[in-house]
Amino acid sequence: MSRYDRNQPTRNHRSNPCCFCWCCCCSCSWNEDRNRRRRLSRDTKLEIVPHCEVCSKPSSEEVCSWASSFEKLMKNPAGRNVFREFLRTEYSEENMLFWLACEELKKDYCKHSIEDKARMIYEDYISILSPKEVSLDSRVREMINRRMQEPSSHTFDDAQLQIYTLMHRDSFPRFLNSGVYKSLLQNISRSSSES
């Protein structure tokens, strides 16, 4: 019998364990709520971040310009899509998803909608229970926790800058040397020479 079987008590557990069971194998209401939150946090709650941004095919000049400027890459929807594809291979796509969610939040002016989106961003990317938690220092986390008392469209500005900087310094140099980017360069230059 599995120790996670909720219908049957195990040899080492009473049939009515306390609600702070350290091994989380009991069926008390505390554990049920925790498991429900964990299942919900696996999926992105935000519908505002599409799987892939709609964009036109980038020109060879645009693709080449990305090598010299992370800012140009991030301002270009096609650039963000390619970079996001690369981040997915490095298991760090959540950084781009968080950055995009923050950009969408800044476009919103409805207080109620801002509060809802801010809560969802927090649950998806800031909460330690989220499987898509982004890596932030404690100072920024504390600031976000204070700002979440009255969320605004700028609640995550410091965190967004920290993630942008992380992607720029850490992921971007690897992206430029990746097969994803080199393949795109070859395909773009091949199709432009055929034209």
Side-chain angles (χ1 to χ4, degrees), residues 34 37-38 40-55 58 62-63 65-181 184:
R34 184 170 177 250
R37 283 193 309 270
R38 185 179 294 138
L40 288 173
S41 71
R42 285 188 189 128
D43 300 319
T44 300
K45 293 161 189 65
L46 295 172
E47 299 297 326
I48 58 174
V49 179
H51 179 67
C52 191
E53 293 180 79
V54 176
C55 61
E62 285 176 310
V63 174
S65 75
W66 300 342
S68 62
S69 172
F70 183 65
E71 185 177 353
K72 287 181 182 176
L73 172 88
M74 292 297 283
K75 285 185 175 181
N76 186 299
R80 289 191 301 266
N81 283 339
V82 173
F83 188 53
R84 182 175 166 187
E85 180 183 327
F86 168 74
L87 291 174
R88 192 175 301 126
T89 67
E90 291 209 326
Y91 304 101
S92 58
E93 181 186 21
E94 67 276 359
N95 292 332
M96 179 63 82
L97 293 173
F98 171 71
W99 188 86
L100 289 169
C102 291
E103 288 297 296
E104 285 297 318
L105 180 65
K106 290 177 185 176
K107 295 175 186 174
D108 208 327
Y109 295 101
C110 172
K111 183 174 173 50
H112 180 69
S113 178
I114 288 171
E115 289 174 354
D116 286 346
K117 286 179 183 176
R119 182 183 47 76
M120 287 187 275
I121 290 171
Y122 185 90
E123 290 173 6
D124 279 347
Y125 304 108
I126 308 300
S127 170
I128 60 172
L129 297 176
S130 174
K132 293 179 297 198
E133 176 188 9
V134 293
S135 180
L136 300 170
D137 65 38
S138 60
R139 179 191 61 81
V140 171
R141 280 187 185 284
E142 289 170 15
M143 196 175 305
I144 290 171
N145 286 334
R146 283 193 304 271
R147 289 179 180 169
M148 284 301 291
Q149 301 301 315
E150 290 184 41
S152 74
S153 58
H154 298 285
T155 296
F156 302 102
D157 284 358
D158 293 328
Q160 186 184 22
L161 177 61
Q162 194 171 75
I163 294 302
Y164 182 92
T165 303
L166 175 71
M167 290 189 295
H168 183 199
R169 290 185 182 161
D170 187 48
S171 303
F172 182 61
R174 287 195 305 276
F175 166 73
L176 295 177
N177 291 315
S178 73
V180 171
Y181 183 64
L184 177 64

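No experiment lies behind these values; they were computed from the predicted model shown.
Residues M167 and F70 have side chains in contact (heavy-atom distance under 4.5 Å, counting atoms from C-beta outward). Looking at heavy atoms from C-beta onward, N95 lies out of side-chain contact with W99 at the 4.5 angstrom threshold. The shortest distance between side-chain heavy atoms of I114 and S153 falls below 4.5 Å. By the 4.5 Å heavy-atom criterion applied to side chains, M148 and F156 are counted as neighbours. For the pair N145 and Y122, the minimum side-chain heavy-atom distance is below 4.5 Å.
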task: Would you please test V82 and F86 for side-chain contact (heavy atoms from CB on, under 4.5 Å) and show each step?
output: CA-CA 6 Å; V82 173; F86 168 74; 5.9 Å; no
message: Is there a side-chain contact (heavy atoms from CB on, under 4.5 Å) between F83 and M74? Walk through the geometry before answering.
response: CA-CA 9 Å; F83 188 53; M74 292 297 283; 4.3 Å; yes
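Note that the CD atom of E103 and the OH atom of Y164 stand 9.5 Å from one another [nearest 0.5 Å]. L97 CG to R88 CZ: the interatomic distance, rounded to the nearest 0.5 Å, is 8.0 Å.
Qualifying ring-ring contact (aromatic ring centres under 6.0 Å, His included) partners for Y181, counting only residues two or more places apart in sequence or in other chains: F175. In terms of the side chain to side chain contact (heavy atoms under 4.5 Å, CB included) criterion, residue partners of L136 (sequence neighbours excluded) are, by chain and number, I126, V134, V140, R141, I144, A159, Q162, I163. Every residue was checked against the salt bridge (charged side-chain N to carboxylate O under 4.0 Å, His left out) condition with E62, not counting sequence neighbours, and none meets it.
The pair R174-E90 counts as a salt bridge, with a side-chain nitrogen and a carboxylate oxygen less than 4.0 angstrom apart. Of the charged side-chain nitrogens involved, at least one lies within less than 4.0 Å of a carboxylate oxygen, so that R119 and E123 count as a salt-bridged pair. Taking 4.0 Å as the cut-off between side-chain N and carboxylate O, R139 and E142 do not count as a salt-bridged pair.
At least one donor-acceptor pair under 3.5 Å links the side chain of N177 to the backbone N or O of P173. S69 contributes no side-chain N or O that, together with a main-chain N or O of W66, makes up a donor-acceptor pair within less than 3.5 Å. Listed for the E93 side chain is no donor-acceptor partner under 3.5 Å among the backbone atoms of R84.
For the pair S113 and D108, the tightest heavy-atom approach, listed with the atom from each and the gap, is OG-OD2, 2.5 Å. When all heavy atoms are compared, the tightest approach of R147 to H154 is NH1-O, 3.6 Å. In plain terms, the two heavy atoms of M96 and R80 that are nearest each other are CE-O, 3.9 Å.
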